[in-house]
Amino acid sequence: MTTDASDAVEMRNALLRLRRGTGLPIAFGGLLEAGQQMRISELSGTATHALRSLVVTSGTGLGGKTVALSRPCVVTDYSASRQISHEYDAPVAVEGLRSVLAVPVVVRHRVRGVLYGALRTALPLGGRMLDAAVEAARDVERALVVRDEVRTLVAGAGTGAGAGPGWEQVREAHAALRALAGRITDPELRAELLGACALLTAESAGSAAGSGGSARVRLAPREVDVLACVAAGATNAVAADRLGVTPETVKGYLRSAMRKLRARTRGEAVVAARRAGWLP
């Protein structure tokens with residue numbers, strides 16, 4: 001598993017959230033790379049660079065134990081703990097860490113990284129701190145899920161439009177991402193997600209713009225969301241469940257979109273929306 005700049009930014013933001021939520025002065029972490037190895041890539045509040053680029057293997061040390069067990073782990077005095085192995089005592093000692101917690105970042109039942117929080121004194125790290133650290137990890141998990149879907153969507157778009165199975169999967173992913181965007185509270189992440197959807201429809205939008213007719217149709221975001229679900233084969237009930245609204249609300253958006261697109265049926269609305277560049 002490779003990481004990119006956006007993943008690194010998300011990790012840095014998560015470390016800041018972890019520090020704010022727990023009150024712990026030190027946080028660090030990283031994502032898994034090849035196999036079961038994790039490289040500590042992001043530091044926040046540290047006094048040295050002893051931990052930077054440290055490679056942690058599954059099952060070793062506190063972070064490796066967290067990766068192996070796929071659950072949070074805590075030690076009150078790192079160097080003296082009998083609950084972990086001690087391959088990384090030297091860099092931990094250079095940084096002066098004593099009490100440390102580690103929380104896994106789990107995406108689709110697979111550990112993708114670890115967030116750590118630490119003190120330079122040997123004090124118990126209570127439940128409130130652990131809960132806050134887990135919440136910071138959940139934020140990273142949600143971001144990684146979205147970015148995984150975006151990468152799949154963009155990669156599928158690169159195959160070009162057509163009626164083959166690959167393009168149908170892209171359309172299904174487009175509908176799922178539109179639905180997910182409506183539940184994202186982070187405005188930057190939501191904008192990134194919708195931007196990826198727009199990239200997928202840019203080619204068809206450009207070709208429709210020169211045709212004069214339906215390209216001038218303006219649809220509301222929720223109307224596009226409903227049409228994306230319909231294009232992926234969803235019933236009104238399924239679309240309502242995906243979008244977090246009632247079936248009657250879905251019907252209302254669909255009627256409105258059909259009126260704007262001058263379509264008499266759901267199928268005609270989808271075709272018109274594709275011609276207008278709203279759907280892949």
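Along the sequence shown, residues carry numbers from 1. All figures in this text were calculated on a predicted structure; none of them were measured in a lab. Only heavy atoms go into these numbers, but all of them, side chains included; no hydrogens, no water, no symmetry mates.
The shortest side-chain heavy-atom distance between Leu24 and Met129 falls under the 4.5 Å cut-off. Here the side chains of Val106 and Glu141 are in contact, with some heavy-atom distance below 4.5 Å. Looking only at side-chain heavy atoms (C-beta outward), His49 and Leu51 stay at 4.5 Å or farther from each other. Within the 4.5 Å cutoff, no side-chain heavy atoms of Ser44 are placed close to those of Arg12. In this structure, the side chains of Met38 and Leu31 stay at 4.5 Å or more apart for every pair of heavy atoms. The shortest distance between side-chain heavy atoms of Val114 and Val105 does not fall below 4.5 Å.
Using a distance-only test at 3.5 Å, with no hydrogens or angles considered, no donor-acceptor pair links the side chain of Ser256 to the main chain of Gly252. Within the 3.5 Å criterion, the main-chain N or O of Ala269 finds no donor-acceptor partner in the side chain of Arg274. Of the possible polar contacts, none joining the Gln37 side chain to the Glu33 backbone as a donor-acceptor pair under 3.5 Å is found. Counting only distance, with no hydrogens or angles, the side chain of Thr48 and the backbone of Ala50 share a donor-acceptor pair below 3.5 Å. The main-chain N or O of Thr76 is found under 3.5 Å from a side-chain atom of Ser99 such that the two form a donor-acceptor pair. A distance-only check finds a donor-acceptor pair linking the side chain of Arg178 to the backbone of Pro221 [under 3.5 Å]. Arg98 places no side-chain N or O within donor-acceptor distance of the main-chain N or O of Asp77, the cut-off being under 3.5 Å. The closest donor-acceptor contact from the side chain of Ser81 to the backbone of Gln83 lies under 3.5 Å.
Two different hydrophobic clusters hold Val271 and Leu279 under the rule that ILVMFWY side chains link at heavy-atom gaps under 4.5 Å. Placement of Val224 and Leu194 in two distinct hydrophobic clusters is found when ILVMFWY residues are connected by side-chain heavy-atom separations under 4.5 Å, directly or transitively. Hydrophobic cluster membership is shared by Met11 and Val107, with clusters built from Ile, Leu, Val, Met, Phe, Trp and Tyr side chains linked at under 4.5 angstrom. Leu115 and Leu69 are assigned to two separate hydrophobic clusters, defined by single-linkage of ILVMFWY side chains at heavy-atom distances under 4.5 Å. Residues Val92 and Val55 do not share a hydrophobic cluster, clusters being chains of Ile/Leu/Val/Met/Phe/Trp/Tyr side chains in contact below 4.5 Å.
One finds a salt bridge joining Asp225 and Arg222 here, because a Lys/Arg side-chain nitrogen approaches an Asp/Glu carboxylate oxygen to under 4.0 Å. A salt bridge does not link Glu135 to Arg138: none of the charged side-chain nitrogens sits closer than 4.0 Å to a carboxylate oxygen. Arg17 has a carboxylate O that lies under 4.0 Å from a charged side-chain N of Glu10, or vice versa, which qualifies the two as a salt bridge.
Between Thr60 and Ser85, the shortest heavy-atom contact is CA-OG, 3.4 Å. The shortest heavy-atom contact between Ala118 and Leu97 is CB-CD2, 3.9 Å. Between Tyr88 and Val56 the shortest heavy-atom distance is OH-CA, 3.5 Å. Heavy-atom minimum distance, Arg242 versus Ala175: NH1-CB, 4.3 Å. The minimum heavy-atom distance linking Val75 with Leu62 is given by the pair CG1-CD1, 4.0 Å. Closest heavy-atom contact between Lys251 and Asn236: CG-ND2, 3.4 Å.
Rounded to the nearest 0.5 Å, atoms CG (Leu119) and CG (Leu125) are 5.5 Å apart. Between atom NE2 of residue His174 and atom SG of residue Cys229 there is a gap of 10.0 Å, rounded to the nearest 0.5 Å. Here Leu261 contributes atom CG and Leu227 contributes atom CG; the two are 6.5 Å apart, rounded to the nearest 0.5 Å. Separation of atoms CZ (Arg112) and CG (Leu144) is listed at 5.0 Å; rounding is to 0.5 Å. Taking CG from Leu32 and CZ from Arg39, the interatomic distance works out to 11.5 Å, rounded to the nearest 0.5 Å. We find the CD1-OH distance between Ile26 and Tyr116 to be 14.0 Å, quoted to the nearest 0.5 Å.
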Evaluate the salt bridge (Lys or Arg N to Asp or Glu O under 4.0 Å) criterion for residues Glu268 and Arg262: first the C-alpha distance (whole Å), next the side-chain angles of each, then the deciding distance (0.1 Å), finally the verdict.
CA-CA 9 Å; Glu268 287 182 4; Arg262 299 181 181 180; over 6 Å; no
Please assess Thr246 against Thr249 for the test side chain to side chain donor-acceptor pair (under 3.5 Å), listing each intermediate value before the final yes or no.
CA-CA 5 Å; Thr246 67; Thr249 300; 2.8 Å; yes
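A donor-acceptor contact closer than 3.5 angstrom is absent between the side chains of Glu95 and Thr46. Side-chain atoms of Thr66 and Arg71 include no donor-acceptor pair closer than 3.5 Å.
Relative ring orientation between His86 and Tyr78 is described as perpendicular, the plane-to-plane angle rising above 60° on a 0-90° scale split at 30° and 60°.
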